[in-house]
Protein chains: 4
Amino acid sequence: MTPARAPRADAVRNRKKILAAAGEQITAHGPEVGMDEIAAAAGVAVGTLYRHFPTKTDLVAAVVAAYVARVADGAESALGRVEAGARAVDELTAFLGRVVEASVTDRAVKAAAQTLGAEQGDRADEDRAGAAVAALIRAGQADGDIHPDVTVSDIYLLFSTAPTDQPPTARARWLDLVAPGLTTGARQAGN
Amino acid sequence: MTPARAPRADAVRNRKKILAAAGEQITAHGPEVGMDEIAAAAGVAVGTLYRHFPTKTDLVAAVVAAYVARVADGAESALGRVEAGARAVDELTAFLGRVVEASVTDRAVKAAAQTLGAEQGDRADEDRAGAAVAALIRAGQADGDIHPDVTVSDIYLLFSTAPTDQPPTARARWLDLVAPGLTTGARQAGN
Amino acid sequence: MTPARAPRADAVRNRKKILAAAGEQITAHGPEVGMDEIAAAAGVAVGTLYRHFPTKTDLVAAVVAAYVARVADGAESALGRVEAGARAVDELTAFLGRVVEASVTDRAVKAAAQTLGAEQGDRADEDRAGAAVAALIRAGQADGDIHPDVTVSDIYLLFSTAPTDQPPTARARWLDLVAPGLTTGARQAGN
Amino acid sequence: MTPARAPRADAVRNRKKILAAAGEQITAHGPEVGMDEIAAAAGVAVGTLYRHFPTKTDLVAAVVAAYVARVADGAESALGRVEAGARAVDELTAFLGRVVEASVTDRAVKAAAQTLGAEQGDRADEDRAGAAVAALIRAGQADGDIHPDVTVSDIYLLFSTAPTDQPPTARARWLDLVAPGLTTGARQAGN
DNA sequence: CATGAATGAGTATTCATTCAT
DNA sequence: CATGAATGAATACTCATTCAT
């Protein structure tokens, strides 16, 4: 219960620079980038890295957490659009597509997290995302467009198996193959 | 042409032991298991590893190749059953399911191969698998059960995104979600 | 231009300890001494070796460079004495003798450099040595003591063939055998 | 005192092939060539190498011994020519030159021997060479051409310091620089 | 007697982490 | 609080030597 003295401005700046650099470096060179390289990319010394994140695993966890937060934001805006009248199935699949695209950027992050056994950073963001997706699904089911047994964890399952390291055409095709499993209508030729 | 003097019995035994151990170790601890650990698990000295596979990359490639060979076998037996009267869609999805199950055993192998940029060992096995899968698809399309635009690379795309590291129930659910993308009928509730 | 922040005191100390230890170890056990052994002899961990010299080759090159710098110093003092009135031939042969003696200490260094294909570190020191030796030769030739066709590369040739790994008497005898090739006078019995 | 049963013909052939191959390989790639490579070059298996030479050191010693034998032959022919009327100084320097040239071929052999601490193979050949050289020196001294204090070990000293790894011009120049130390006459300009 | 597969200690090098400056 | 030098365990790979076939 330390009063948590307000962190110094430059420390906050450093934390952000480090998170950004770590994201870029891991994205670009995979989870095995050295801490030194991340530090250099962030423009700080290794020691500073370790002041903010006691362990490489912690750093990666933080990067993943930031990614989860962005996903949550995306889910909530989709939900917002549905509440404003958009069709839920469309928003859900579009959301799925956007996540897959974003994953490309954050490519190896997922792998890094697994490799290092990173712990969940911020439960809160995950819950936020989960709530929004659940609402989207319910809306789609109310419309009769989304299959009644689809759940939030189905969406997560698809997230976790998205072909993030494949070319755009493959990713688009994957969406086509996977969408019919969520919806009620029969598959149409050519899409 | 090649004199190919019969390989010594013990050398063959060792090669098999090494491949098996490498598969297990990589499965259990990921691609970064040390060569020493693999050697110990195989009951040989490191030098023996290197006599059989000049490089860690080569070893992983061989493990992957063995896996591909098993997949090819599976595809061909499925095709055999179809030729003997079985329904093609069923055999195709069953085959997909079996590959996913098998993948669990070979879990990280795929990742290992990517990490190390392993080359594929035996084109032949890949071709064998491809031919058999293509025949299955054609048969299912002739029956009117498989969607006309489904191709062999669709099947490979699904392979490569199978949730090999998830619990059995998740893997089963994944099959349910993915199957409708391949077939013509509308999705039925509860499957 | 280079900010060149003053190197930390302990880092400088370590660099020196490492160079000294490397010289000794290579001298004592040849170029194949392990980096670990050099590190131990220097009282540091291997990692520290690699922080200062990214490669064994680089380390050896640095040792050789230090040796070249000492040779250059020796040549320049000899030249200084000549300018102060000493006889050039005598200084040149004495210099040759001193280099050979010093080589004993740095015994295998030369071999190590060759074995590893080490690049030369500081051209400057080599040039310094070359200039001083050239001046010595010219002075001796002006005196009529040194044979007119002797060049700097002759001196280097003799350096490179000095019997550095032989007992002192052999080294002295070698000097006696080799000196007449540089001078004008006929050889005298007994020296 | 085992009767030393006459060695089988093929064993003798193998011994020769191995010695030749070892000489070539060490000459070409230095003392650190692997035993496997030598074996391959000789067209036998490693086991056969070890049957003939229990240790790499022993093998190198044998290669050196063969070299010494050739040197002895050269010395003896030179002596023969002197006895047939040739001038001793000329034969001695020519012999020195030929040894240096030959050394080029056997380049790293000397280094290999040192590196491995190889023992003398055949005292007899060394003695043969020593006797012939001694006779040459005595003859030259009787002619008044060779300096009276020159000994056999002087010649060996020069052998051991010959610039075997330098280009032909450097080797020739080295001979010019070194010859005056052996002879009585004053050095002449230009040779 | 030849073969070549197996052994295993040894080598250079990397990298997460600590700690003196 | 930042810096970057030091640490040292770990890793892939080599090679002289042994020994089953």
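A, B, ... follow the sequence lines: proteins, then strands. Residue 1 opens every chain.
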### Message
Let me check I have this right: for DNA chain E, each base becomes ., (, ), [, ] or |, based on Watson-Crick or G-U pairs with both distances under 3.5 Å. What is the full string?
### Response
.||||||||||||||||||||
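Closest approach of D:Ala22 to D:Val63, counting heavy atoms only: CB-CG2, 3.8 Å. Considering all non-hydrogen atoms of both residues, D:Val33 and D:Lys56 come closest at O-NZ, 2.8 Å. Between C:Asp125 and C:Ala65, the shortest heavy-atom distance links the atoms OD2-O, 4.4 Å.
B:Asp73 meets the salt bridge (Lys or Arg N to Asp or Glu O under 4.0 Å) test with B:Arg128; sequence neighbours excluded. Residues forming a salt bridge (Lys or Arg N to Asp or Glu O under 4.0 Å) with B:Asp10 (at least two apart in sequence, or on another chain): B:Arg8. A search for side-chain hydrogen bond (donor to acceptor under 3.5 Å, both in side chains) contacts involving B:Lys17 returns B:Asn14, not counting sequence neighbours.
A:Glu32 CD to A:Gln25 CD: the interatomic distance, rounded to the nearest 0.5 Å, is 12.5 Å. Taken from CD1 in B:Ile26 to CD in B:Glu37, the straight-line distance is 11.5 Å, to the nearest 0.5 Å.
With rounding to whole Å, C:Asp58 atom CG is found 11 Å from E:dT14 atom P. To the nearest angstrom, C1' of F:dA6 lies 16 Å from CZ of C:Arg15. D:Ile38 has its CD1 atom 17 Å from the C1' atom of E:dG4, to the nearest Å. Atom CD1 of C:Ile18 is separated from atom P of F:dA5 by 12 Å (rounded to the nearest Å). For the pair C:Phe53 CZ and E:dT14 C1', the computed distance is 18 Å after rounding to whole Å.
Out of E:dT3, F:dA6, F:dT7, the shortest distance to the side chain of C:Ala11 is found at F:dA6.
For B:Thr48, no side-chain nitrogen or oxygen approaches OP1 or OP2 of E:dA5 to under 4.0 Å. Proximity of B:Arg51 to the phosphate of E:dG4: no side-chain N or O atom is located under 4.0 Å from OP1 or OP2. Listed pair A:Asn14 / F:dA2 meets the phosphate criterion, a side-chain N or O lying under 4.0 Å from OP1 or OP2. Taking side-chain N and O atoms only, B:His52 has a distance below 4.0 Å to OP1 or OP2 of E:dA6.
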## Note on the structure
Once base and sugar-phosphate atoms are separated, protein heavy atoms under 4.0 Å mark nucleotides 13-21 of chain F, 5' to 3', with B, S and - as BB-SBB---
Between side-chain atoms of residues 39-55 of chain C and protein atoms elsewhere (two or more places apart, or another chain), which donor-acceptor pairs fall under 3.5 Å?
none

